[in-house]
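In what follows, a structure is listed as structure tokens, so that the remarks can point back to it.
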Amino acid sequence: MFTSTKNKSYRDSFSHRAGKATKKQKSFKEYAPTRKLNTQQPVPSHSTSTKSPASSSPTSPNLNSAIVTICVGPAQRLFAAHEDVLSKAPYFAQACRAQFFEASGKRIDLPNEEPEVFSAVLEYLYKGDYTPKLIYDKKRASWLLDDADGAAGVQGESTVHANGIGGPVLKDTVIYCSAHRYVLPDLQRLALKKQGLASGVQCSTILASARYAYAHTPPSDSKLRAHYLALIIRSRSTFKRSGTLQAEMDRGGSALFFDLFVAMVNHLDDIAGSARSPR
């Protein structure tokens, strides 16, 4: 019989190729280690200005809570806010609890509030600050205010027309008084700090704002009232020339001027005491 060499050569060639392929194949350990990609985002460099502690980490609101309608001012301007956010203020928390069984939705009326002021209060409840934002300049080691253009500096005269005053009142003063009414002491401190950064305020605005502060804070208030007493004493030469202080004193009807008299007497006593003290 004839011997077939075809199958043998086929097997030999196949085994030869298989062996050749097996010799070239490397194990998993022999491969060079792959390069690891860095997927971490670069850490941004710290700027010279940082946000205020109040606005840097505000409490995350529950945006799934019920919506409450707030009717503000004589024009009944409508605002909407989440109940959990409003309830950060004890005043609004109590108002929401009083309407627990309301089926048609909860509504809070604030007929004596200014819409612009309540908008700032609502912004604070959501974000921990209100416009303009308070920032800290590390380079200058001082607090500044962000304006609408993104620059930082000292705030000018920002006023609102409050009911029953008959003139412009500093917005931060009205916010301070509203924060007292809504039991938000942190917002009171924030408004007082921002008010201290104001400059170039007219004498009539200072007196109108002081009158508003005395009308909307209790006699035990030792922050905002003392701020205005110290401000008037520091600006006494300007008030003497303007004549607005005399007009306000003739008008009367406020405990402001008796407190101012006592503060000025104490100021004079301090000056006299420092003059007599030996150096």
Side-chain angles (χ1 to χ4, degrees), residues 72-74 110-121 130-132 134 143-145 147 153-182 184-185 187-271:
V72 181
L110 302 173
N112 298 321
E113 185 62 278
E114 298 296 326
E116 185 179 354
V117 172
F118 181 75
S119 178
V121 174
Y130 63 90
T131 305
L134 184 67
W143 291 96
L144 303 172
L145 291 173
D147 61 16
V154 180
Q155 185 186 22
E157 184 175 324
S158 177
T159 60
V160 295
H161 287 271
N163 295 325
I165 297 298
V169 177
L170 288 175
K171 179 182 176 181
D172 293 321
T173 295
V174 184
I175 291 175
Y176 179 99
C177 297
S178 295
H180 170 75
R181 182 164 60 253
Y182 304 141
L184 290 169
L187 178 55
Q188 284 184 273
R189 285 188 285 269
L190 179 62
L192 189 63
K193 179 175 287 188
K194 289 187 176 185
Q195 186 168 276
L197 297 175
S199 64
V201 183
Q202 297 181 4
C203 294
S204 58
T205 303
I206 293 176
L207 291 176
S209 301
R211 193 169 359 109
Y212 184 92
Y214 267 78
H216 294 86
T217 56
S220 59
D221 179 84
S222 59
K223 302 294 185 181
L224 186 61
R225 294 188 174 195
H227 166 77
Y228 276 111
L229 294 176
L231 180 60
I232 294 173
I233 292 175
R234 288 198 305 268
S235 309
R236 55 189 180 274
S237 59
T238 305
F239 277 101
K240 183 178 180 180
R241 292 194 305 268
S242 67
T244 53
L245 184 60
Q246 181 180 355
E248 284 291 325
M249 295 181 71
D250 293 339
R251 180 177 178 177
S254 174
L256 164 65
F257 300 107
F258 178 75
D259 290 348
L260 180 60
F261 169 75
V262 174
M264 293 189 74
V265 169
N266 293 334
H267 178 66
L268 292 173
D269 289 342
D270 292 338
I271 295 175

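Looking only at side-chain heavy atoms (C-beta outward), L207 and I232 come within less than 4.5 Å of each other. S178 is not listed as a side-chain neighbour of E114, based on a closest heavy-atom distance of 4.5 Å or more. Side-chain contact check for L256 versus L229: some heavy-atom pair is nearer than 4.5 Å. Inter-residue side-chain proximity for Y176 and D221 is flagged as met; some heavy-atom pair is nearer than 4.5 Å. In this structure, the side chains of V169 and T205 stay at 4.5 Å or more apart for every pair of heavy atoms. Counting only heavy atoms from C-beta outward, the side chains of V117 and Y130 never approach each other to under 4.5 Å. Residues L190 and D172 are not in side-chain contact: their nearest non-hydrogen atoms beyond the backbone lie 4.5 Å or more apart. Side-chain contact between Y228 and T173 is present, with at least one heavy-atom pair separated by less than 4.5 Å.
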Exercise for review: I would like to know whether Y212 and V160 meet side-chain contact (heavy atoms from CB on, under 4.5 Å); could you show each step before the answer?
Suggested key: CA-CA 12 Å; Y212 184 92; V160 295; over 6 Å; no
Review point. So L231 and V201, side-chain contact (heavy atoms from CB on, under 4.5 Å) or not? Walk me through it.
Key: CA-CA 11 Å; L231 180 60; V201 183; over 6 Å; no
Practice item. Walk me through it: do L224 and H180 pass the test side-chain contact (heavy atoms from CB on, under 4.5 Å)? Key: CA-CA 11 Å; L224 186 61; H180 170 75; over 6 Å; no
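Rounding to the nearest 0.5 angstrom, the gap separating the NZ atom in K223 from the NZ atom in K193 is 11.5 Å. The CG atom of L192 sits 6.5 Å away from atom NE2 of H227, with the distance rounded to the nearest 0.5 Å. If you take OG1 on T131 and NZ on K171, they are separated by 7.0 Å, rounding to the nearest 0.5 Å. In this structure, OG1 on T159 lies 9.0 Å from CD on Q202, to the nearest 0.5 angstrom.
Of all the heavy atoms in A208 and P168, the pair that sits closest is CB-O, 3.6 Å.
Here P185 pairs with Q188, R189 under the side chain to side chain contact (heavy atoms under 4.5 Å, CB included) rule; sequence neighbours left out. The side chain to side chain contact (heavy atoms under 4.5 Å, CB included) test applied to S119 returns F79, not counting sequence neighbours. Shown here are the salt bridge (Lys or Arg N to Asp or Glu O under 4.0 Å) partners of R181, two or more places apart in sequence or in another chain: E113.
No donor-acceptor pair under 3.5 Å is formed between the side chain of R225 and the backbone N or O of D259.
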